[in-house]
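One structure is given below, encoded as structure tokens.
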Amino acid sequence: MPPSYTDDQIVYAVRDGLIIPAQLDRMAQGMIDLVNKTRAAMSIDNYRFDVDAHDEVAHQAAIESIVMLKNDDAILPLNAGPVANPSATPQKIAVIGEFARTPRYQGGGSSHITPTKMTSFLDTLAERGIKADFAPGFTLDLEPADPALESEAVETAKNADVVLMFLGLPEAAESEGFDRDTLDMPAKQIALLEQVAAANQNVVVVLSNGSVVSVAPWAKNAKGILESWLLGQSGGPALADVIFGQVSPSGKLAQSIPLDINDDPSMTNWPGEEGHVDYGEGVFVGYRYYDTYGKAVDYPFGYGLSYATFEIADVTAAKTGANTATVTATVTNTSDVDAAETVQVYVAPGKADVARPKHELKGFTKVFLKAGESKTVTIDLDERAFAYWSEKYNDWHVESGEYAIEVGTSSRDIAETVTVALDGDGKTQPLTEWSTYGEWEADPFGAKIVAAVAAAGEAGELPKLPDNAMMRMFLNSMPINSLPTLLGEGGKKIAQFMVDEYAKLAK
């Protein structure tokens, strides 16, 4: 039995005499590698890792994951009163939504783990002495709404200065074991939001979900929106830090948020038919599709607001090798709030032999700046940053020419664009009589031969090729062994001349 084989597009591996799917084999190997990494520590007698230190890592990771999508009227950060600001009068806060008490901190299916500790948002408020009225509002399932819970939530909202509504997807709505067929949150949550917004116009929605949800249908009912994803075991403290202004949100969207699920290019192929799915969108997935084809989105890839404001200037791109470059930019915090910004570098290819996205994220860096501070950041772009996968060469390929370097804060918020000219990797394929005239022109050797054909035509040594736009279009797309179709016996002579000359040059 070979070490691996393929059956109906599933790759299998043979391990210790057992035949298992290669994907599971890779997962198993990853687990073995992880065990090996921890073996040294675990071999220490009475070893115990630092639970609090690990929890603090989870806390910081959660803080940096939170994306602020909306902050009308600067509704955030909230004022917790004497706890955070001894001279301020605290706002009366209502917290609505079961997620605040029972956080969905991890994904479904095999991603389930047992946390070392779990701190909800309500737990955090209690620990920090921050007062808030709570109403669950709904149950964490897909069952119909409970009128009693809804009524309690609306009454709680009426008596508050500001309402924090914790909404999102229960585990029954998304998991690794099935595909979502909608981007909408449960209808009962949206209905409750509408009722609460009618009772109190100062609403901040805190989302809890593993992948994007539709925002546009209900965003008018919220002045503030925090996309918190699944924040892990220390999500409660992280949310409190952001909501009450101990830190400024700095997360950026790793997914575009479309206006409608049918705007996504995969919808023309999903869920497939007769047991097969055609990944027909190719490289045009996510922002690569939306930005290339000018599709309106609700929030673009890379987007995320802050309590601070920033400016990016003085962008430069310098060639560091035949197909490499370095990008520099100056980032300034133009506000009185200490915060972090993520500088994003997108590469936009010029004319290419294959279909390529309008631009692609190829580098980024997060920089923390105190109020009014400026820093210069540098991002290196290696050869892969400019390459595409070539089926023809069965390898990564960099074409020669100019590439635009776009620097900004999202895929649609570009501060400055500069260009860099690359040499290309020089990859070529052998030319034959089946190569098109256009391919001969694009090849370093072939271009010389095409020029020789033109010179021989002018000298009367070979038939002269027609020189008009229509004929050139035909020539560029046809193999040179088809020249006799257009030029008769003269075309045969030209094709033979080209093949013979190539044989001499390519030795």
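Inspection of the His397 and Glu391 side chains reveals no N or O donor paired with an N or O acceptor under 3.5 Å. Inspection of the Thr436 and Ser477 side chains reveals no N or O donor paired with an N or O acceptor under 3.5 Å. If you check the side chains of Ser411 and Asp291, you find a donor sitting under 3.5 Å from an acceptor. Side-chain contact check for Asn209 and Glu227: at least one donor-acceptor pair (N or O, by modelled atom type) lies under 3.5 Å.
Ring centroids of Phe284 and Tyr293 are separated by less than 6.0 Å, placing the two rings close together. Separation of the Trp440 and Tyr502 ring centroids falls under the 6.0 Å cut-off.
For Lys319, the NZ atom is densely surrounded, since the number of other residues' heavy atoms within 6.0 Å is greater than 12. No more than 12 heavy atoms of other residues, nucleotides or ligands shown are found within 6.0 angstrom of CZ on Phe474. Atom NZ of Lys392 is surrounded by more than 12 heavy atoms from other residues, nucleotides or ligands within 6.0 Å. Remark: Phe497 CZ is packed, more than 12 non-hydrogen atoms of other residues, nucleotides or ligands lying under 6.0 Å away. A 6.0 Å sphere centred on NZ of Lys70 holds more than 12 heavy atoms belonging to other residues, nucleotides or ligands.
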*Check the pair Thr378, Thr328 against side chain to side chain donor-acceptor pair (under 3.5 Å), reporting the backbone distance first and the verdict last.*
CA-CA 4 Å; Thr378 301; Thr328 61; 5.8 Å; no

*Could you give me the CA-CA distance, side-chain angles and deciding distance for Asp425 and Lys427, then say whether salt bridge (charged side-chain N to carboxylate O under 4.0 Å, His left out) is met?*
CA-CA 6 Å; Asp425 55 28; Lys427 286 187 174 76; 3.3 Å; yes

_For Lys252 and Glu341: C-alpha separation, side-chain torsions, deciding distance, then whether salt bridge (charged side-chain N to carboxylate O under 4.0 Å, His left out) applies._
CA-CA 9 Å; Lys252 299 289 186 175; Glu341 177 62 293; 2.9 Å; yes

*When you look at Gln189 and Trp218, which way does the side chain to side chain contact (heavy atoms under 4.5 Å, CB included) test go after all the steps?*
CA-CA 10 Å; Gln189 294 185 34; Trp218 51 263; over 6 Å; no

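The side-chain contact (heavy atoms from CB on, under 4.5 Å) check on Thr320 picks up Thr324, Thr326, with sequence neighbours excluded. Remark: Glu273 engages no residue in a salt bridge (charged side-chain N to carboxylate O under 4.0 Å, His left out) (not counting sequence neighbours).
Looking at Glu281 and Asn269, their side chains come closer than 4.5 Å, going by heavy atoms from C-beta outward. Using a 4.5 Å cut-off on side-chain heavy atoms (C-beta onward), Val242 and Pro77 make no contact. In this structure the side chain of Ile66 never reaches within 4.5 angstrom of the side chain of Trp229, judged on heavy atoms. The side-chain heavy atoms of Trp434 and Ile480, taken from C-beta on, include no pair separated by under 4.5 Å. No side-chain heavy atom of Leu431 sits under 4.5 Å from any side-chain heavy atom of Val499. Taking the side chain as every heavy atom from C-beta outward, Pro170 and Arg104 never approach each other to under 4.5 Å.
Between Val213 and the options Thr182, Asp184, Ile257, Leu207, a side-chain contact (heavy atoms from CB on, under 4.5 Å) holds for only Leu207. Of the residues listed (Val407, Thr330, Thr332, Ile414), the one engaging Ile312 in a side-chain contact (heavy atoms from CB on, under 4.5 Å) is Val407, and it is the only one.
Put simply, OG on Ser256 and CG on Asp298 are 10.5 Å apart, with the number rounded to the nearest 0.5 Å. Note that OG of Ser228 and CD1 of Ile243 are 8.5 Å apart. Values are rounded to the nearest 0.5 Å. Atom CD1 of Ile261 is separated from atom CG of Leu259 by 13.0 Å, given to the nearest 0.5 angstrom. Taking CG from Asp264 and CD from Gln255, the interatomic distance works out to 9.5 Å, rounded to the nearest 0.5 Å. To the nearest 0.5 angstrom, Glu311 atom CD is 9.0 Å from Asp314 atom CG. Atom CD1 of Ile379 is separated from atom CG of Leu381 by 7.5 Å, given to the nearest 0.5 angstrom.
The aromatic rings of Phe301 and Tyr287 lie parallel to each other, with less than 30° between the two planes, well short of the 60° mark.
The stretch residues 349-375 participates, sequence neighbours left out, in these salt bridge (charged side-chain N to carboxylate O under 4.0 Å, His left out) pairs: Glu64-Lys366, Arg288-Glu360, Asp338-Lys370.
Residues Ala317 and Ile405 come closest through the heavy atom pair CB-CG1, 4.0 Å. When all heavy atoms are compared, the tightest approach of Val205 to Ala222 is CG2-CB, 3.8 Å. Summarising the geometry of Ala62 relative to Ser234, their closest heavy-atom pair is CB-O, 4.3 Å, with the distance given to 0.1 Å. The two residues Ala339 and Ala308 have their closest heavy-atom pair at CB-CB, 3.6 Å.
Looking at Glu441 and Lys448, no side-chain N of the basic residue comes within less than 4.0 Å of a carboxylate O on the acidic one, giving no salt bridge.
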